[in-house]
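First the structure, in the form of structure tokens, and then the observations on it.
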Amino acid sequence: MKFADLHLHTNYSDGTYTPKELVEKAVKAGLSCISITDHDTVGAISEAMDVADSLGIEILPGIEISCEYELREVHILGYLIDHKSAALLKRLETLKENRINRIYKITEKLNALGINLRADDVFSVANGATVGRLHVARAMVLKGFVKTVSEAFNRFIGDNGPAFSLGFRFTPEEAIKFIRDNAGVAVLAHPYVIENEELIFKFIGLGLTGLEVYYPEHSQGEINFYLGLAKEHNLLVTGGSDCHGSAKPQVRIGSIKIPYDLVEKMKEARERLS
Ligand code: AMP
Ligand code: ZN
Ligand code: FE
Ligand code: FE
């Protein structure tokens with residue numbers, strides 16, 4: 001049996017492994033296929049593919065796009081996208097800039113709460129990657145404002161926290177279109193986060209093609225529920241660990257392994273869509 005982990009981050013976004021390290025760890029974990037799904041960037045993919053060839057592991061191009069919907073964050077995964085498309089790369093540059101501007105909004109809110117974290121403290125943790133809240137959390141730990149990344153999210157920057165800020169400007173509709181226009185398959189990441197069946201139906205109407213059913217935070221009940229939904233609406237089933245390296249040491253690469261059949265189904269679906 002061949003297995004895949006289709007949700008992984010590198011240091012091109014908020015993971016800590018380089019593409020090469022990630023590929024090597026994937027091989028060690030016994031995976032035959034991985035997808036790198038960095039936030040709003042495809043920067044790691046070519047580098048990972050170069051290493052993967054000699055190690056006999058398959059890399060599926062991927063991305064995790066952050067969207068805003070009714071003042072909340074929704075993540076849409078794009079698989080098998082044309083990661084070399086000039087139009088795609090140009091649009092992603094804008095998203096990267098939006099993320100930089102958002103860090104100023106978050107640090108301003110933190111400052112108002114008496115946490116004197118500077119945007120530059122965050123940028124030095126990110127070191128050129130697409131910058132996000134996990135970098136904010138790590139900077140807060142480094143500066144001694146909180147003890148752990150979890151504490152930073154729980155007290156300040158979690159989705160309902162006092163220093164949470166949006167600023168991505170992509171709607172789910174635009175992200176789904178963007179993925180499909182670039183030859184990809186759009187999948188709703190970790191559906192438990194949105195907890196809203198009606199919204200999933202809406203996204204299906206907009207061209208969503210799959211659900212990330214297998215995810216570390218999903219209970220068996222949730223897995224069964226999303227499997228049922230996928231069957232009923234003829235959606236692809238995907239899954240992955242969402243490993244971020246040592247930024248979230250409790251989530252290991254390959255802790256979610258899905259059968260390779262599901263990757264084949266995805267490839268078939270992409271052929272039908274294009
Ligand atoms: P961003 O794209 O900047 O909004 O950050 C989203 C990332 O923050 C996710 O991919 C996770 O890595 C991380 N994250 C979100 N919520 C939490 C949480 N409660 N605890 C730890 N990490 C979180
Ligand atoms: Zn992340
Ligand atoms: Fe996510
Ligand atoms: Fe992720």
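The first residue of the sequence shown is numbered 1, and numbering continues consecutively from there. Both counts, for ligands and for their atoms, begin at 1 and track the order of listing.
Scanning R133, Q250, R99, H190 for the heavy atom closest to atom 2 (O) of ligand 1 points to R99. Nearest-heavy-atom check against atom 1 (P) of ligand 1 across R102, E151, H135 picks out R102.
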Applying side-chain contact (heavy atoms from CB on, under 4.5 Å) to V237 and L227, what does each step give before you reach the verdict?
CA-CA 7 Å; V237 169; L227 279 177; 4.0 Å; yes
Please walk me through it: do V131 and I100 pass side-chain contact (heavy atoms from CB on, under 4.5 Å)?
CA-CA 6 Å; V131 64; I100 290 172; 4.1 Å; yes
side-chain contact (heavy atoms from CB on, under 4.5 Å) between I59 and I34: does it pass, once the steps are laid out?
CA-CA 5 Å; I59 310 288; I34 58 170; 3.7 Å; yes
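K248 counts as a contact of ligand 1, since one of its heavy atoms falls under 4.0 Å from the ligand. Within the structure, ligand 1 has S66 among the residues with a heavy atom less than 4.0 angstrom away.
Here E68 does not pair with R102 in a salt bridge; the nearest charged N to carboxylate O distance is not below 4.0 Å. Salt-bridge check for K177 with E173: failed, with every basic side-chain N at 4.0 Å or more from each acidic carboxylate O. Electrostatic pairing of R133 and E73 counts as a salt bridge here, judged by a charged N lying under 4.0 Å from a carboxylate O.
Within E64, the N, O or S atom lying nearest to the Fe ion (ligand 4) carries the name OE1. Looking at H9 and the Fe ion (ligand 4) together, the shortest N, O or S contact belongs to NE2.
In terms of protein heavy-atom proximity, atom 21 (C) of ligand 1 is closest to F153 CD1, 3.4 Å. Atom 7 (C) of ligand 1 has its closest protein heavy atom at D14 OD2, 3.8 Å. The closest protein non-hydrogen atom to atom 12 (O) of ligand 1 is H244 NE2, 3.1 Å.
Within the listing of ligand 1, atoms 12 (O) sit less than 4.0 angstrom from a heavy atom of L134. Atoms of ligand 1 lying under 4.0 Å from any heavy atom of E73, numbered from 1 in the order shown and given with element: 1 (P), 2 (O), 4 (O). Interface atoms of ligand 1 facing G132, defined by a heavy-atom separation under 4.0 Å, are 3 (O). The contact set between ligand 1 and H39, taken as ligand atoms under 4.0 Å from a residue heavy atom, comprises 10 (O).
Checked by distance only, ligand 1 and N154 stay at 3.5 Å or farther apart across all their nitrogen or oxygen atoms.
By the 30° and 60° cut-offs, the orientation of the rings of H218 relative to Y226 is tilted. Using cut-offs of 30° and 60° on the angle between ring planes, the pair H7 and H9 is tilted. Taking the six-membered ring where the residue is Trp, F201 and H233 present tilted rings, their angle falling between 30° and 60°.
The Zn ion (ligand 2) has an N, O or S atom of H244 closer than 2.8 Å. At least one N, O or S atom of D14 sits under 2.8 Å from the Zn ion (ligand 2).
Here D242 contributes OD1 and H7 contributes NE2, and at the Fe ion (ligand 4) these two atoms make an angle of 80°, given to 10°.
For the residue pair T41 / S13, no side-chain donor-acceptor distance below 3.5 Å is found, with atom types taken as modelled.
Not one N or O on the side chain of E58 forms a donor-acceptor pair closer than 3.5 Å with the backbone of S32.
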